[in-house]
Amino acid sequence: MTTDSVQVRVEKVDFSYEATHVLIEVDLTITRGDFLAIIGPNGSGKSTLLKIILGLLPVQQGNVILFGQEPAHFSQWSKIGYVPQTIAHSGVLFPASVEEVVAMGLLSKKKFPKILRHRDKESVEKALERVNMNDFRRRRIGELSGGQQQRIFIARAIVNEPEILFLDEPTAGVDAETQQRFYEMLDMLNKDHDITIVMVTHDVGIVTKHVNKVACLNQRLVFHGTHDEFCSSSVVQDILKGEHHLVCHRH
Ligand code: ADP
């Protein structure tokens with residue numbers, strides 16, 4: 001592994017919310033091209049870890065290195081796309097069009113005056129094409145189904161052409177068929193567009209079909225390895241016992 005290919009390094013990270021110790025000595029390396037699932041029981045610290053990596057929570061102990069820099073000194077946030085958990089549940093009712101929602105992703109990178117130019121419109125179109133939603137660009141976001149809205153939020157997260165995309169529980173509340181198509185789209189972003197994907201999920205089923213790496217968190221990082229290693233790990237089977245039924249074969 002060349003140093004170049006390491007995009008995110010988490011070293012001995014500890015984190016507490018006041019009296020609650022949530023993460024203990026977590027080490028994790030994310031490498032270019034990974035399609036990584038972060039799994040683990042409820043309350044095991046998955047969202048917390050993601051927020052620390054994204055600079056939304058402080059590094060209390062240990063180190064986080066994003067593209068060679070600490071979050072406090074990191075300025076190339078357009079290299080990182082993020083689809084937070086709350087979006088899936090927010091019931092987007094505001095009267096913005098699909099195009100406008102995706103364009104919001106571009107505004108964060110702009111300095112005043114925040115005007116969208118022709119080039120920006122092309123970026124919006126390209127992002128919508130990548131999630132196969134260009135035909136919906138003039139529709140109001142609130143009119144779309146949950147699965148379609150989710151694609152629009154992915155388009156917003158990739159409109160700056162990030163090198164890595166983080167998703168927190170992206171399939172919460174959607175049916176199995178929508179989920180399946182959603183994962184196929186992530187596969188395509190990962191393989192055809194060279195975007196590293198890091199996904200916090202409850203859906204252990206995804207591990208068997210789509211991802212190439214798995215990190216299993218239970219305050220500590222109890223497992224980090226390839227799909228095949230994951231399937232043969234007794235530690236993982238013990239931790240997930242009762243919560244999930246693991247079927248480890250690829251179709
Ligand atoms: P997961 O994503 O694995 O379900 P979280 O990272 O959301 O886990 O939460 C880990 C633990 O931290 C849980 O016990 C949760 O109740 C607690 N927690 C999460 N957010 C906060 C917060 N803002 N304040 C206090 N405790 C929190």
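In this text, all values refer to a predicted model and were calculated from it rather than measured experimentally.
- Here the shortest heavy-atom pairing between Pro162 and Gly81 reads CB-N, 3.5 Å.
- Between Lys126 and Glu161 a salt bridge is recorded (basic side-chain N to carboxylate O distance below 4.0 Å).
- In this structure, Asp14 has no salt bridge (charged side-chain N to carboxylate O under 4.0 Å, His left out) partners at least two apart in sequence or on a different chain.
- At a threshold of 4.5 Å between non-hydrogen side-chain atoms, the residues Leu217 and Val222 do not count as touching.
- Partners of Asp194 by side chain to side chain donor-acceptor pair (under 3.5 Å), not counting sequence neighbours, listed by chain and number: Arg32.
- Taking the ring-ring contact (aromatic ring centres under 6.0 Å, His included) definition, one finds that Phe223 meets it with Phe230, sequence neighbours left out.
- Residues Ser145 and Gln149 form no side-chain contact, since every pair of their non-hydrogen atoms from C-beta on lies 4.5 Å or further apart.
- No side-chain donor from either of Asp34 and Thr196 sits under 3.5 Å from a side-chain acceptor of the other.
- Side-chain contact between Leu49 and Val200: absent, with no pair of heavy atoms (C-beta onward) separated by less than 4.5 Å.
- When all heavy atoms are compared, the tightest approach of Ala96 to Val101 is CB-CG2, 3.9 Å.
- Asn160 places a side-chain N or O within 3.5 Å of a backbone atom of Gly105 that can act as its donor or acceptor partner.
- Contact annotation: the side chain of Thr48 approaches that of Tyr17 to within less than 4.5 Å [non-hydrogen atoms, C-beta and beyond].
- To the nearest 0.5 angstrom, Leu50 atom CG is 10.5 Å from Glu169 atom CD.
- A distance-only check finds no donor-acceptor pair linking the side chain of Lys213 to the backbone of Val198 [under 3.5 Å].
- Between atom CD of residue Glu125 and atom CD of residue Glu99 there is a gap of 8.0 Å, rounded to the nearest 0.5 Å.
- Between atom CD1 of residue Ile80 and atom CG of residue Leu165 there is a gap of 10.5 Å, rounded to the nearest 0.5 Å.
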Exercise for review: Show the numbers, then the answer: is there a side-chain hydrogen bond (donor to acceptor under 3.5 Å, both in side chains) between Asp168 and Ser47?
Suggested key: CA-CA 7 Å; Asp168 197 349; Ser47 296; 3.1 Å; yes
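- Proximity of a side-chain donor or acceptor of Lys46 to a complementary backbone N or O of Gly40 within less than 3.5 Å is detected.
- Remark: Gln219 engages no residue in a side chain to side chain donor-acceptor pair (under 3.5 Å) (not counting sequence neighbours).
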Exercise for review: List the steps, then state whether side-chain contact (heavy atoms from CB on, under 4.5 Å) holds for Phe166 with Val83.
Suggested key: CA-CA 6 Å; Phe166 289 91; Val83 183; over 6 Å; no
With a cut-off of 3.5 Å and sequence neighbours excluded, list every side-chain donor-acceptor pair involving residues 61-71.
unit_1 : atom_1 : unit_2 : atom_2 : d
Asn63  : ND2    : Glu11  : OE1    : 3.4

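- For the atom pair Arg119 CZ and Ser123 OG, the distance stands at 7.5 Å (nearest 0.5 Å).
- In this structure, a donor-acceptor pair under 3.5 Å is present between the side chains of Asp187 and His210.
- Contact between Val102 and Ala127 at its shortest, heavy atoms only, is CG1-CB, 4.2 Å.
- Atoms CG and CD, from Asn132 and Gln148 in turn, are 10.5 Å apart once rounded to the nearest 0.5 Å.
- Proximity of Asp27 to Val10: side-chain heavy atoms (C-beta onward) are nowhere separated by under 4.5 Å.
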Check your understanding: Could you walk me through whether Val214 and Phe35 pass the side-chain contact (heavy atoms from CB on, under 4.5 Å) check?
Key -> CA-CA 8 Å; Val214 186; Phe35 187 164; over 6 Å; no
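- With hydrogens and angles disregarded, a donor-acceptor distance shorter than 3.5 Å links the side chain of Arg137 to the backbone of Asn134.
- Side chains of Thr178 and Asp175: a donor-acceptor N/O pair is present below 3.5 angstrom, by distance only.
- Without hydrogens or angle criteria, His21 side chain to Leu23 main chain gives a donor-acceptor distance under 3.5 Å.
- Side-chain contact check for Leu36 versus Ile197: every heavy-atom pair is 4.5 Å or farther apart.
- Between Leu144 and Phe136, the closest side-chain pair of non-hydrogen atoms falls below 4.5 Å.
- Put simply, CE on Met104 and CZ on Arg156 are 6.5 Å apart, with the number rounded to the nearest 0.5 Å.
- Within the 4.5 Å cutoff, the side chain of Ile158 has heavy atoms near those of the Arg130 side chain.
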Practice item. Given side-chain contact (heavy atoms from CB on, under 4.5 Å), test Val131 with Met185 step by step and report yes or no. Key: CA-CA 7 Å; Val131 299; Met185 180 194 71; 3.7 Å; yes
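- Under a hydrophobic-cluster definition in which Ile, Leu, Val, Met, Phe, Trp and Tyr are linked whenever side-chain heavy atoms come within less than 4.5 Å, directly or via other members, Val59 and Ile24 are assigned to different clusters.
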Practice item. Take Val98 and Met133 through the test side-chain contact (heavy atoms from CB on, under 4.5 Å) and record every step on the way to the result. Key: CA-CA 9 Å; Val98 162; Met133 288 297 284; 5.7 Å; no
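- Scored by the ring-ring contact (aromatic ring centres under 6.0 Å, His included) test, Phe182 finds no partners at all (sequence neighbours excluded).
- Taking each heavy atom of Ser97 and Arg138 in turn, the nearest pair found is CB-O, 4.3 Å.
- Annotation: Glu177, atom CD; neighbour count of heavy atoms from other residues, nucleotides and ligands within 6.0 Å does not exceed 12.
- Ala155 approaches Leu128 most closely through the heavy-atom pair CB-CD2, 4.1 Å.
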